[in-house]
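Just so we're on the same page: letters track the sequence lines, and every chain starts at 1. Quick note: numbers below take in every heavy atom, side chains included, and nothing from hydrogens, waters or symmetry partners.
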Amino acid sequence: MVKIRFPDGTERSYPDATPIRDIVDGLGGRLKKEALAAQVDGVIKDLSFCLKNDAALKFLTFEDADGAGVFHHTSSHILAQAVKRLYPGVRLGIGPAIKDGFYYDFDREESFTPEDLEKIEAEMARIVEEDLPMERFELGREEAIAFFSALGEDYKVELIRDLPEDTIISCYRTGEFVDLCAGPHLPSTGSVKACKLLSLAGAYWRGSGENPMLQRIYGTSFPKKSLLDQYLHRLEEAKKRDHRKLGRELDLFSVHDEAPGFPFLHPRGMIIRNELEKFWREQHALAGYQEIKTPIILNRVLWERSGHWDHYKENMYFTRIDEQDFAVKPMNCPGSMLLYRLDLHSYRDLPIRLAELGLVHRHEMSGTLHGMMRVRAFTQDDAHIFMLPSQIKEEVAAVIELTDRIYSVFGFDYHVELSTRPEKAMGSEEMWELATTALREVLEERGMAFIINEGDGAFYGPKIDFHLRDSIGRTWQCGTIQLDFQMPEKFDLHYIGEDGQKHRPAVIHRVVYGSIERFMAVLIEHFAGAFPAWLAPVQAVVIPITDRHHAYAASVLKRLREAGIRAESDTRSEKVGYKIREAQLQKIPYMLVVGDKEAEAGSVAVRERAGGDRGSVEVSEFINALLGEIAASQLRCPETTIDRAL
RNA sequence: GCCGGCGUAGCUCAAUUGGCAGAGCAGCUGACUUGUAAUCAGCAGGUUGCGGGUUCGAGUCCCAUCGCCGGCUCCA
C-alpha cells in the first residue's frame, strides 16, 4: 500500500502502483472531469503514472499554470502530428508550451502559407476527434538515436546527443506519430477541444543566428470553445491599447518613413514627456543626485578607451570632424567618467551621483524596431554613482527603492532579472563573481523575487533589470542597475582614502525609466491612453452650450490656465453631445459644460471622463479639487527619500 | 540582419477572372444655436509606398527597393 496526502491535508491509502487516474476517478466530482495531470511531491506527472511510494499528490487542471502548460504541450504534439500527416518530408525542431499557448518549429523547403495553417488546423481537429491516447515509452540512448535517425529527424538526434548521460529518454506516441519528449502529457488528444493557430514566424534552430532558420507556427488551445473565444476577444481588446494606435489617435507621436526608428513627439506627447522629466528631477534631487549634461558626439579615442570600440562598434554611428573620427554616443557613461576625473575626490565626498537625461543613438537592426518601445535614438534617464566599494550594497538598495517608488506612482507591476557575465566581457572572472554576488545579495536581503538571465549582462558588468509589461503581455526592460569595475580602471578613476592614498572607486550605471520613449510607450498602454490628470496633455475642456456662452467659457478658461491647469475650450458650433463624445475619445479627464445656469452662478457642470456627470460646482472649487488631485497622485516627497538625501 | 505577412484619401476599409479607383469618418463651406458619446446639406480630397517589367490594358501578375506588422537574433 502507498499513503497519498492530498492538498487539503487528508491522507488515503492505495494499493502499490495505482495509476493516478484511478485515484482521481475514485474521488469523482469536478476533478474527475477536469484533472489534466498531477504533481507528485511537486513533480508533474502524467495521470497514467503509477504511484509506488508514499507521496503528496495535487491534481492539475487547466486553471493551474502547470496544468495549462501540459495542455498546451500536448497541443503542440497535435500540431506536429498534423503537419507530419500533411507534409511528410518536414523535419521537426522543438515544440514547447509557452505562456497562453504553444509553438512548434519545422524545417521545410517551402514556406508555410496562411492557407496551410487552415489545413493544419483542420487536420488537428481530426486528431482531436480521433481521441488518440498519448502513450509514454522509454528508449536507451543508442536506441533513441537509431529510432529518430531512421525517421530522418536530424534535429531530434542532435537533441538526444546533447542530453546529459543519465537522462531517461522518453517518447510519446499518438497513433502513428512519435515525438521525443520528457512530458508529461494529457491522457489523450480528445480533450483539446478548441485550437487556433495564430501566427507564423522564422526562428533560428536553438536560437542562434549561425543555425538554419526554421518555420515556427504559434498557436493556442483551450478545453472549451468559449474560452478560446474569450481569449481571442481579450487579444482584440488589448490591441486597442497599442501605443502606436493610441499615439496616432491621441496625437502624441508619429514615426515616418524618412526616419525609421526615430519617433517624432507631438505637442501633446511632449507634455507627457515634460511631466515625466519634471517628476524625475524632483525625485532625483530628493535622492541626492546632481544633474549634468554631456555631449552627444565624442572623439573615437574616448570610445577606444571605454571599450565600446571593441565591444559595441556594430551598434554605433560615426562621423568625421576635421579629419578625425568621432562617434555618436550609444551610452552616457564615458562622458560621465570624464567629468568625475576632472577633480580630485576625497572618500568623504562619495558617493557622488551624477544624473543625466542623455540622448543616445544605437543602430538597432531594422527588424527589431517597434513604435516607441524599440527605437534607434532614445533618452536614458541615466545616472552614474561613484562610490567606495563598501558603499555598493547600500547604493544598489537605494536605487532599487527609488525605482520601486517611482514605478508605484504609475501603478506598474514589474519583475526583476539578474543578468550575469556575457561571452564578450571585459574584466576578470573574479571581478564578475564579486559584482554578481553583491547584486544577488542585495536582492536576497530585500526578499525580492528575481530570475537569473545567464550571460545577459553588459560587457562591463552584471546588472539587475526591471521589466514592465505591454498591452499584449510582452515584457520590456526599463530600469536597470549595472555594477561596473571596468570603467573606473579604463579611465583611471580614483579617490583619496583615509590613508591619504589613491584608491579605485566602484561605479553603478543605472536608469529608472530606462528610456523615456519606451517608458512613455508602456505608460500609454498601461493607462490605455486615459492618463491620470497630472500627465494628461489636456486636463480639462470647457464646453459652451451655444455661441452666447462663449464669453463665459473664455473667462472660465482664463481662470483655469491662470491656476496652471492645461485647459482648452471647444467653441465649435456643435451640439453638447458631439463635443462630449470628442472629449471622451480624446480621454480628457474633465469636461466642463457651461450654459445659462453656470454663467449666472459662476460655476461649471463637471463631467468626469470615467464617472460621468457630477453636477455643478463653483469654478474655484473645481480648480482646487483638480489641483489637489494632481498633487496627491504623484505621492511626492515620501519621507524615506528625504532621509536618504540627508 | 533573418523568416513570413502587409502597404489604396489624414483615419478605418471597399474595388468580380487584369477592364472607368470608391465609401464612412475627419477636413473645408453654408445652414442650424444646441444641456452630457456623432444635426443637416454641399464641396474638396489619390502618380494605389517608390522604381522597373509583362500586357491592348496593372491597385490586381512578375522583379527590385523602402517602410510597417508578427516572430527570431539583439537590446533601454
*asked:* Taking the cut-offs as 6.0 angstrom to the six-membered ring centre and 45 degrees off its axis, would you call A:R108 and A:F112 a cation-pi pair?
replied: yes
_Pairwise P distance for B:G53 and B:G1, with rounding to whole Å_ = 27 Å
*With a non-hydrogen cut-off below 4.0 angstrom, is A:K597 in contact with a base, only sugar-phosphate, or nothing?*
base
*Using the C1' atom as the reference point in each nucleotide, state the distance between B:G45 and B:C25 in Å, no decimals.*
13 Å
*A:R548 side chain: which of B:G35, B:U33, B:A37 is closest?*
B:U33
*Is a salt bridge present between A:D484 and A:K463, judged by a nitrogen-to-oxygen distance below 4.0 Å?*
no
_Protein within reach of the bases, or only the backbone? For nucleotides 70-76 of chain B, mark each nucleotide 5' to 3' as B, S or -, using heavy atoms under 4.0 Å._
BBBBBBB
*Summarise protein proximity over nucleotides 47-52 of chain B in one line of letters, 5' to 3': B for base, S for sugar-phosphate only, - for none, counting protein heavy atoms closer than 4.0 Å.*
------
*Under a cut-off of 3.5 Å for both distances of each Watson-Crick or G-U pair, what dot-bracket string does RNA chain B give, using [ ] for crossing pairs and | for inter-strand pairs?*
(((((((..((((.....[..)))).(((((.......))))).....(.(((..]....))).))))))))....
Anything under 3.5 Å between a protein N or O and an N or O of nucleotides 24-29 of chain B, put it in a table, one pair a line.
from  : atom 1 : to     : atom 2 : distance (Å)
B:A26 : OP1    : A:Y578 : OH     : 3.4

Protein-nucleotides 10-14 of chain B N/O pairs under 3.5 Å:
from  : atom 1 : to     : atom 2 : distance (Å)
B:U12 : OP1    : A:R248 : NH2    : 3.0

_Output the rounded distance in Å from CD (A:E210) to P (B:G1)._
17 Å
*A:E598 near the nucleic acid: base, sugar-phosphate alone, or nothing, with a heavy-atom cut-off under 4.0 Å?*
base
*Strictly below 4.0 Å, heavy-atom distances to any atom of RNA chain B: list the hits from residues 96-121 of chain A, or just say none.*
A:S111
*Ring centers of A:F519, A:F410 separated by less than 6.0 Å*: yes
*asked:* Within the 4.0 Å heavy-atom criterion, would you say A:A583 contacts the bases, only the backbone, or no part of the nucleic acid?
replied: nothing
_C1'-based separation of B:A44 from B:A76 [nearest Å]_ = 45 Å
*Salt bridge check: are A:R268 and A:E568 linked by an N-O gap of less than 4.0 Å?*
yes
*Determine yes or no for a side-chain-to-main-chain donor-acceptor pair under 3.5 angstrom, with A:N211 supplying the side chain and A:W205 the backbone.*
yes
_Gap in Å between the two P atoms, one belonging to B:C56 and one to B:G18, rounded_ = 15 Å
*Can you check the A:D570 CG to B:A37 C1' distance for me, whole Å?*
13 Å
_For A:D242, run the salt bridge (Lys or Arg N to Asp or Glu O under 4.0 Å) check against A:R244, A:K245, A:K239 and tell me which one passes._
A:R244
*Using the P atom in both, what is the distance from B:U47 to B:A21, to the nearest Å?*
14 Å
*asked:* Please report the distance separating the C1' of B:C13 from the corresponding atom of B:U48, rounded so that it comes out in whole Å.
replied: 14 Å
*Atom C1', compared across B:C50 and B:C43: separation rounded to whole Å*: 31 Å
*Between B:G22 and B:G46, how far is it from one C1' atom to the other, in whole Å?*
11 Å
*Take the protein atom CG of A:D596 and the nucleotide atom C1' of B:U34, then report the distance between them rounded to whole Å.*
11 Å
*When the distance from CD1 of A:I580 to P of B:U39 is rounded to whole Å, what number comes out?*
12 Å
*Do A:E115 and A:K119 meet the salt-bridge criterion of a basic N to acidic O distance under 4.0 Å?*
no
*Please confirm whether the backbone N or O of A:I472 pairs with a side-chain atom of A:R241, one donor and one acceptor, at under 3.5 Å?*
no
_Quick check against the 3.5 Å criterion: does A:R566 have a side-chain atom that pairs as donor or acceptor with the backbone of A:V538?_
no
*Is the centre of the A:F318 ring less than 6.0 Å from the centre of the A:W309 ring?*
yes
